[in-house]
Amino acid sequence: MRITKSFAETREVANGVVGLVPTMGFLHEGHLSLIEAARHESDTVVMSLFVNPLQFDRDEDLARYPRDLERDVALAAAAGADVVFAPDLGEMYPDEQLTRVNVAGLSDALEGPNRPGHFEGVATVVAKLFAGIQPHRSYFGRKDAQQLAVVRRMAHDLSMPTEVVGVPIVREADGLALSSRNIFLSEGEREAGLQLSRGLMQAADLVEAGERDAKAITNAVYFEIGDELSVEYVTLADQKTVSALTTLDRPAFLALAAWSGKTRLIDNVHFDADEDGFVGDRGIRLAGRSVLYRTGED
Ligand code: PAF
């Protein structure tokens, strides 16, 4: 396992088919499943670890983002990464970043209005990772459904020679979608947060029973959510364009964002077409407790 600090050094040690897993660290099983997917298909698996200031719209959120390089390197190595590329700010942004990547339209929906500049920050840093590391494939979680659509479209529009692979959500045993931010939830906030995945699972059942009306599908989620959560949106959106749908008639995802206390949670179910209709990707559930909560004594 190598830790690299510069793009040049990373390119030098990355041989054969290169799979890239971009992360901001504080790894959980969602990240580990990306590394494992990359491991199956690559000669060299590079995981990047960089908390990207460009994509944070609130300074407070950037300051409190959890960081632990030693922990992350150990987890990445155990999951099969060959290289952890952990650049400092000066390597990633040596000068004022005058060039920004904006994927018009796709960035403005869902998360867009609530997180101004977020997707421009994501697309810009991912474009730099693609240019600097030159991966054959790159792996992103379906948890960030809009991010996945934005990155796919950017790679397509800019003719970037990397295949963007989407990997299913990993959920805690009780259904809560894994996120590094889950460590901020109190017991009560976590309990309230479970209503989100319960609502999405209900909606997935409804779709698989034949429901196609977006209002009926989103209402199934709202019905499950109680008063403790402040919901920003529940929307059925086109997987490619992220535009809201009134009818489920193409590959889509049902996405939501809500606050539990001071923590913003997002979650979704993707619907992919098969010969019988639409199937909900409910993600993968952990059997036990996530590594997120592992302390030094465990
Ligand atoms: O999903 C994330 O962790 C980040 O948005 C990414 C893709 C690593 C870019 O900073």
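Atoms within a ligand are numbered from 1 in the order they appear, just like the ligands themselves. Small disclaimer: the values here were computed from a predicted structure and weren't measured.
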In a check of salt bridge (Lys or Arg N to Asp or Glu O under 4.0 Å) between D267 and each of R142, K143, R171, which one passes?
R171
Which ligand 1 atoms are under 4.0 Å away from a heavy-atom of T23?
8 (C)
Taking distance alone, with no angle check, do Q147 and ligand 1 share an N/O pair under 3.5 Å?
yes
Backbone or side chain, does any N or O of Q55 fall under 3.5 Å from an N or O of ligand 1?
yes
Cut-off 3.5 Å, no hydrogens considered: what does the side-chain donor-acceptor table look like for residues 57-66, sequence neighbours left out?
{"unit_1": "D61", "atom_1": "OD2", "unit_2": "R181", "atom_2": "NH2", "d": "3.0"}
{"unit_1": "R64", "atom_1": "NH2", "unit_2": "K262", "atom_2": "O", "d": "3.3"}

Which ligand 1 atoms are under 4.0 Å away from a heavy-atom of V125?
9 (C), 10 (O)
Enumerated ligand 1 atoms positioned under 4.0 Å from heavy atoms of P22
8 (C)
Quick check on the 6.0 Å ring-centre criterion: do F85 and F7 meet it?
yes
Passes side-chain hydrogen bond (donor to acceptor under 3.5 Å, both in side chains), E232 versus N114? Steps please.
CA-CA 8 Å; E232 280 183 4; N114 302 305; 3.1 Å; yes
For F253 and H270, take the angle between the two ring planes, folded into 0 to 90°, and tell me which bin it lands in: parallel under 30, tilted 30 to 60, perpendicular over 60.
tilted
